[in-house]
Amino acid sequence: MIHDARVQVLRPGTPRREGFVLLWVQAGVRTRDNHALEYAVREANRLNLPLVAVFGLTPGYPEANARHYAYLLEGLRDLRANLAARDVPLRVTLGSPPEVALNAAGEGAALVVTDVGYTRLQREWREWLVDRLDVPLVQVESEAVIPVGVVSGKQEYAARTIRPKIHRLWHDYLVPLDTHDLKKRERDWDGGEDVTDPTRLLKTLPIDHSVPPGDEEGGETAAHDLLEDFITRKLDGYATRRNDPTVDGSSRLSAHLHYGQLSPLSAAIAAREHGGPGADAFLEELIVRRELSFNYTTDHPHYDRYAGLPAWARATLEEHAGDRREYTYTRAELDAAQTHDPYWNAAQRQMTRTGRMHNYMRMYWGKKVIEWTPTPQQAYDALLWLNNRHEQDGRDPNSWVGVGWVFGLHDRPWTRRPIFGTVRYMNAGGLKRKFDIEKYARQWAE
DNA sequence: ATCGGCTCGCGCAA
DNA sequence: TGCGCGAAGCCGAT
C-alpha cells in the first residue's frame, strides 16, 4: 500500500499520453520497498507507457570522498541489475542531478516521479527541477517510515516530544508495499556510465581520493544480507549489547539506510515480526531517533551550523568560552588520532579505518573535543568535518543531530562545570564503569 | 552498590 | 500557573 500522505505533487498537470514515465532516483537506490518505484510502475501501467530511470552522479557533492562514492557506486551497480529484473532500464549520467533529470525528461517524459531526501541540497534540487520541467513532477516519500510532515510540522524539542506523535501513527504506516509487474518495456534507453565495476569507475571520478573505502560493501544485496543476519543473530541481544563498543552488537545498517539501499520499512517490518525487547529498542532507533533527525534538517534552517543549536546551550557554552583548556589540538592532530587519550584515539581510529564509530564512543569522542578546542564553535566545526569525512554515513541528517547532541541538542542541562557550562559532561570514568574500555583500546590500537 | 541533586523548558493538567 | 520529567552522566554521600 502507498499511503496518500507519501505522495506530493510538486508540479501539477496532466501527464502526456506518449513517451515514458521517468523515475528520477535521488535517495532510494533500491528496488525493495521503494514507494517511489512502485508508484512509478503503477502510473506507467495506468498510462500504458514504459518506465525508465535516471540517476545523476555529481562528482561535486559537498564533503563527499572516495569512501562515500565507492559505497554509492556499489549501490548503483545493484540498482541497475535489480531494476533490469523489473524491466526498468537505469541510466547513470555524470552531472548535476536535477540537470540530468531535466535532460532525461526532455527525451519524452510523460510524467516524472522522484523520491525524497531530507537535506537542504536535495530540497534545492527538487525546486530547481520544478521551475524548469514542463510535465508533472510527483515526489513519493520512502526513506521515512512515516512521512516527515505527517509526524510534525515544527522543530521538535527532544525525543520525548516527537515519540508520542510517532507512536500514534506508526501502525498506519508499518504496512507492506505490494509490487506490480510493468506492462510495457522500454528497450531503447541508454545506460550511460558503466557501473558494473565500481572500483574502476571510482578511479576516474574527479573527487577527493584521500579517504579510502570503508570495510563494508555497499548495495542492496549486501544490505539485505546484513539485515537478515542482524535479525536472526543479533536482534535478541540488541537492547543490551548495542551499548558495548567491545562487542559486535549494533545493526551496522545506518550506511545502507543513508544511501537508500535499505528501506527503513523493510527493516522495521522484519524487526517487528521477530519481536522482543531487542525489536523495541531497534524500532526506537530506526523510527523515533531517525525521524527526529529528519525533523531537525527539515524544520530547522540552520541545521548544519553551530548557530542552529538551542539557545540555552549556546549561552552556557559561551559563558564558559574563556575557561582554561588543559589540552588543545588542531584539526589535523585530531584527524591523525594524536591526542594524550588512548580511548579517544581508539575511537578515532575505529572511524577512520572502518567508516563507523561505536555510538557510545561517539558521544565521548565529541565531548572531549569540546574540552580540547579553544572555542565551542571550533569544536563543532572540527567534529562535523571529522564525522563527515570518515563516517560511511556522513552528511546524513543523523550526522548533524549526533554532533549537535554533543552540544546539548535534544538533551537537557546538567550540573554546571568548567568549559561545558550546563551541557552534559562525560569522562573516561564512565567508559571504565560501563565496559572493558582497555579491551576497546587494544582492538583499535595503532 | 545505590541515590539524590544538578538545570532548563516543553507539554499537559488544572 | 504548576508540575513532572527527560538518550546514554557525574559526583559526593550513604
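Letters A, B, ... mirror the listed sequences (proteins, then strands); counts begin at 1.
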Look at the rings of A:Tyr360 and A:Phe435 and say which category their plane angle falls in: under 30° parallel, 30 to 60° tilted, over 60° perpendicular.
perpendicular

Would you indicate which nucleotide in B:dG5, C:dC11, B:dC8 comes nearest to any side-chain atom of A:Thr415?
B:dG5

Against the side chain of A:Arg416, the closest entry in C:dA8, C:dG4, B:dC8 is B:dC8

Using atom P of each nucleotide, how far apart are B:dT7 and C:dC11 to the nearest Å?
15 Å

Rounded distance (Å) that lies between atom P of B:dG5 and atom CZ of A:Arg417
19 Å

Nearest-Å distance for atom pair CZ/C1', residues A:Arg424 and C:dA8:
6 Å

Is any N or O donor-acceptor pair between the side chain of A:Arg289 and the base of C:dA7 shorter than 3.5 Å?
yes

To the side chain of A:Pro413, which of B:dC8, C:dG9, C:dA7 is closest?
B:dC8

Side chains of A:Arg67 and A:Gln392, donor plus acceptor under 3.5 Å:
no

Between A:Glu319 and A:Thr316, do the side chains contain a donor N or O and an acceptor N or O under 3.5 Å apart?
no

Tell me if the CZ atom of A:Arg252 is crowded by more than 12 foreign heavy atoms within 6.0 Å.
yes

Can you measure A:Asn398 atom CG to C:dA7 atom P for me and round it to whole angstrom units?
17 Å

Using atom P of each nucleotide, how far apart are C:dG4 and B:dG4 to the nearest Å?
15 Å

SB check A:Asp208 A:Arg389 (cutoff 4.0 Å)
yes

Atom CH2 of A:Trp312 to atom C1' of B:dC6: distance rounded to whole Å?
12 Å

Distance, rounded to the nearest Å, where A:Gln155 contributes CD and B:dG9 contributes P:
14 Å

Just the rounded figure in Å: distance from P of B:dT7 to CZ of A:Phe420.
17 Å

How far does the P atom of C:dG9 sit from the matching atom of B:dC10, given to the nearest Å?
24 Å

Pairing of DNA chain B as dot-bracket, 5' to 3': ( ) intra-strand, [ ] crossing, | other strand, . unpaired, with Watson-Crick or G-U pairs under 3.5 Å?
||||||.||||||.

Value in whole Å for how far the P atom of C:dG9 lies from CE of A:Met426
6 Å

Looking only at side chains, do A:Glu217 and A:Tyr71 share a donor and an acceptor under 3.5 Å apart?
no

Interatomic distance, A:Lys154 NZ vs B:dG9 P [rounded to whole Å]:
15 Å

Donor-acceptor contact below 3.5 Å, side chain A:Trp344 vs main chain A:Trp365:
yes

Contact check, residues 351-389 of chain A vs DNA chain C, heavy-atom distance under 4.0 Å, returns A:Tyr360, A:Met363

Take atom P in C:dC10 and the same atom in B:dG9, then report the distance between them in whole Å.
23 Å

Any side-chain N or O of A:Asn243 below 4.0 angstrom from OP1/OP2 of C:dA7?
no

With sugar-phosphate meaning primed atoms plus P, OP1 and OP2, does A:Ala159 contact a base, only sugar-phosphate, or nothing at under 4.0 Å between heavy atoms?
sugar-phosphate

5' precedence on DNA chain B between A:Tyr157 and A:Pro164 (nearest-nucleotide basis):
A:Tyr157

Can you confirm whether A:Glu228 is buried at CD, in the sense that more than 12 heavy atoms of other residues, nucleotides or ligands lie under 6.0 Å from that atom?
no

Could you check whether A:Asp396 and A:His258, counting side-chain N and O atoms only, form a donor-acceptor pair closer than 3.5 Å?
yes

Are A:His300 and A:Tyr296 an aromatic pair, judged by ring center distance below 6.0 Å?
yes

Separation between the P atoms of C:dA7 and B:dC12, rounded to whole Å:
15 Å

